[in-house]
2 protein chains.
Amino acid sequence: MATIKDVAIAAKVSVATVSRVLNETGYVHEDTKTRVIKAMKTLNYRPNEVARSLYHRESRLIGLLLPDITNPFFPQLARGVEDEIHQHGFRLIFGNSDENLEKELDYLQTFKQNQVVGVISATNDPEATINQDLSMPIVFLDRTGDEDEHVPSVFADSRKGGQLAASEMMKRNSKRITLIKGPAHLRTAKDRFNGALDILSSADVDFHVLTTETFSFQEAQQRAEDLFSIYPKTDGIIASNDIVATAILHEALKRGIQVPSDLQLIGFDDIPHSEWLFPPLSTIRQPVYEMGKEAAKLLLKLIKNEYIEKSTVQLPVSFIERQTTRKVDNNE
Amino acid sequence: MATIKDVAIAAKVSVATVSRVLNETGYVHEDTKTRVIKAMKTLNYRPNEVARSLYHRESRLIGLLLPDITNPFFPQLARGVEDEIHQHGFRLIFGNSDENLEKELDYLQTFKQNQVVGVISATNDPEATINQDLSMPIVFLDRTGDEDEHVPSVFADSRKGGQLAASEMMKRNSKRITLIKGPAHLRTAKDRFNGALDILSSADVDFHVLTTETFSFQEAQQRAEDLFSIYPKTDGIIASNDIVATAILHEALKRGIQVPSDLQLIGFDDIPHSEWLFPPLSTIRQPVYEMGKEAAKLLLKLIKNEYIEKSTVQLPVSFIERQTTRKVDNNE
DNA sequence: TTGAAAGCGGTACCAT
DNA sequence: ATGGTACCGCTTTCAA
């Protein structure tokens, strides 16, 4: 690979001059500029990013830390981030943490050693991260800590989502509700749950709470089996996310339960496959791709030290009506 | 962040000595070694990877180029790659190319500017990539060019997969087959198709070929609608991948077609959600995660200049019998 | 308008 | 066994 020195020699100028035309800083005569540009072209010169990073003590890399890209929720998030930063000339260095604090810290460390300009992290434990004294901007994605921390973060309105799920369910007249509570350590899961509770506890329905420790299909399927044995009369299930909802739907169909006539089901997230199911899953949508983009935008502002109106951005959720819920009666 | 100089001062030695203990090269007295290590600890020193990269003209980063992480096929691939390289102290710089040659070349360029040690690429156009004179090892993943190129690559045995799909279908007595042909520009899609053709053309069945230009659910759904109108009697469909199969299943169920009794369906890939469907999808499995790992292993060998027995590794596919195919009659 | 040179944080060669 | 120093490729200050 040609270096700046090669260009300088070819153009018969000093490296300083080449650097000047490269960065369009300082004065440089039109003619020499032309010569330099020509030399760069013929040598197919590209500046070495590593050398630049070293000088600036900062690369054009952004660290992205996700629990597990294999979980269908995350690819869209990643894509949103990538699309946004790519436009601004940044690249992604990416890692899976498996929700393992040690791995997270290890990644944060190597991000730092690579002089990333900033990081976007979907971690359960923002505090631990913050206490690392990263000395670089970081924005938390999706899984955020307590509200009052005022740490830069973007997330969806989970509580509203939970409320929405429950009230849409109420509108459609299910009376014996099962509410699935997701993993206790996830803030978003708790919020969804509490949101649903807000509505259910003051509604005229029976309800039953069931907890899953993970968001895995296998566990959810297990729990679904139990559920239909223990509480066969349930006629409305609010799942903690779409994977869990999928497992429940799977089990219900297996048992010949009619969906949505005998059992209504609402998921959460709106991952891509939800609409591919049959019947397609009604769910609470999080604008995942947009969340990724917003996180990237926020980070970019932080990096450029721009004015930030609000460092926590909360995106709205919406009810996606598909076919695991009944049509609502417009005449009531 | 503390630098090597800080450590040197704290330990009252030269930077050369610190470098020696850091890299365990050359002689250094036990006592001074202890002092240096202590200084590193108290300063919480981590070597600057960027400076190292500059000196070595090589970073500890590996470039991963995928068409679109949002396509459910790729996250597992990415995970396989990441898990393997992470073990060896490498990190991933990651990009989506959208099967767009320009974006691909752009990424390759920036990978190079960041002095990655090697790249793993799932591209349709290995030739174009190769012609870039990357001057670094690259292994192609999944979507490879012609066999005889002998370019390092890992992929599954698509042709065998196609044959397997067709013969399993034959075993189960479907007689009016629809064979879906995937995007013409994808080598793997062609191979699957030809594999199925190998079997079908010499079997005692009618068959019908239908082409999709993409692997998108939307397009497949459209085509599925057409299919059931044009060829309502089809009783066995071999799809070009699981997404297409999902769309077909969706449409079949919508029309009240009994699966698998009236219509059997076999997908390709075995992406995670295939087993979440109801009925769960019978499919030809590609060991995707392993493919990612193998690609990483191959690249690592290339990087270390180790002896390579075979630079193209082909992984076996297998038939995953689930419930969109009938149980095969053991008494025949 | 241009060039020389110091410095970014490491590594490794050459002395001592 | 240890230290001095040139160098990796680039940017920027200072002087000319």
Side-chain angles (χ1 to χ4, degrees), chain A residues 1-37 39-40 43-61 89 109-117 135-136, chain B residues 1-37 39-40 43-61 89 109-117 135-136:
Chain A
M1 227 171 59
T3 72
I4 199 172
K5 205 170 170 184
D6 298 327
V7 177
I9 293 170
K12 298 189 202 303
V13 294
S14 73
V15 294
T17 303
V18 178
S19 180
R20 269 181 221 112
V21 347
L22 199 55
N23 300 296
E24 309 189 16
T25 72
Y27 298 95
V28 44
H29 193 92
E30 271 306 317
D31 298 353
T32 58
K33 186 170 178 177
T34 316
R35 271 194 356 262
V36 169
I37 288 175
M40 298 202 292
L43 290 173
N44 189 27
Y45 170 73
R46 308 287 158 177
N48 181 324
E49 276 300 326
V50 177
R52 285 183 153 178
S53 302
L54 181 59
Y55 180 85
H56 287 122
R57 292 185 202 71
E58 194 168 281
S59 71
R60 292 178 68 71
L61 260 18
Q109 186 57 62
T110 63
F111 285 169
K112 204 166 156 183
Q113 287 178 258
N114 282 285
Q115 295 189 169
V116 302
V117 252
S135 63
M136 61 186 168
Chain B
M1 229 173 55
T3 73
I4 198 172
K5 207 170 170 185
D6 299 325
V7 177
I9 293 171
K12 299 188 201 302
V13 294
S14 73
V15 295
T17 302
V18 178
S19 181
R20 268 180 224 115
V21 345
L22 199 55
N23 300 295
E24 308 190 16
T25 72
Y27 297 95
V28 43
H29 193 91
E30 271 307 315
D31 298 353
T32 59
K33 186 171 178 178
T34 316
R35 266 189 6 254
V36 170
I37 288 175
M40 297 201 294
L43 290 173
N44 189 26
Y45 169 74
R46 307 287 157 179
N48 181 324
E49 276 300 324
V50 178
R52 283 181 155 177
S53 301
L54 181 58
Y55 182 86
H56 287 124
R57 291 184 203 70
E58 194 169 280
S59 71
R60 291 177 68 71
L61 260 19
Q109 185 58 62
T110 63
F111 285 169
K112 205 165 154 183
Q113 288 177 258
N114 282 284
Q115 297 189 167
V116 302
V117 252
S135 63
M136 60 185 168

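Owing to the predicted nature of the structure, the values given are computational and were not obtained by experimental measurement.
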May I ask you to check whether B:Q115 and A:N48 show a side-chain donor-acceptor distance below 3.5 Å?
yes

Looking only at the side chain of [X] (C-beta and beyond, no hydrogens), which of the listed nucleotides [options] gets closest?
X: A:T32; options: C:dT11, C:dT2, D:dG3; value: C:dT2
X: A:A16; options: D:dC10, C:dA12, C:dA4; value: C:dA4
X: A:Y55; options: C:dT1, C:dG10, C:dC8; value: C:dC8
X: A:S14; options: D:dT11, C:dA4, D:dG4; value: C:dA4
X: B:A51; options: C:dG10, D:dT2, D:dC8; value: C:dG10
X: A:H29; options: C:dT1, C:dT11, D:dT11; value: C:dT1

Write down the distance between [atom1] ([X]) and [atom2] ([N]), rounded to a whole number of angstrom.
X: B:E58; N: C:dG10; atom1: CD; atom2: P; value: 18 Å
X: A:D6; N: D:dG9; atom1: CG; atom2: C1'; value: 10 Å
X: A:I4; N: D:dT12; atom1: CD1; atom2: C1'; value: 11 Å
X: B:M40; N: C:dG9; atom1: CE; atom2: P; value: 17 Å
X: A:Q113; N: C:dC8; atom1: CD; atom2: C1'; value: 17 Å
X: A:L54; N: C:dG7; atom1: CG; atom2: P; value: 14 Å
X: B:E24; N: D:dA1; atom1: CD; atom2: P; value: 16 Å
X: B:Q115; N: D:dC10; atom1: CD; atom2: C1'; value: 11 Å

Under 4.0 Å between any heavy atoms, over every strand shown, what does A:V13 touch: base, sugar-phosphate, or nothing? Just pick one.
sugar-phosphate

Which is true for B:S53 with a 4.0 Å heavy-atom rule: it touches a base, it touches only sugar-phosphate, or it touches nothing?
nothing

Between [N] and [X], is there an OP1 or OP2 to side-chain N/O distance shorter than 4.0 Å?
X: A:T3; N: D:dG9; answer: no
X: B:S19; N: C:dG10; answer: no
X: A:N23; N: D:dT11; answer: yes
X: B:Y27; N: D:dG3; answer: no
X: B:R20; N: D:dT2; answer: no

Result for 5'-nearest mapping on DNA chain D, choosing between B:K33 and B:H56, is B:K33

Less than 4.5 Å apart, any side-chain heavy atom of B:T3 and any of B:D6?
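They are in contact (side-chain heavy atoms under 4.5 Å apart), so the answer is yes.
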
Would you say that B:V18 contacts B:R20 through its side chain, given a criterion of any heavy-atom pair below 4.5 Å between the two side chains?
no

So does A:R57 reach the base of C:dG7 with its side chain, donor to acceptor, closer than 3.5 Å?
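There is none.
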
Using only atom types and a distance under 3.5 Å, with no angle test, would you say the side chain of A:S19 pairs donor to acceptor with the backbone of A:V15?
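No; judged by distance alone, with no hydrogens or angles, the pair does not exist.
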
Test side chain to side chain contact (heavy atoms under 4.5 Å, CB included) applied to A:Q113 and B:R52, B:R60, B:R46, the passing residue:
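Answer after filtering B:R52, B:R60, B:R46: B:R46.
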
Looking only at heavy atoms, which two atoms of B:A8 and B:S14 are closest? And how far apart?
CB-C, 3.8 Å

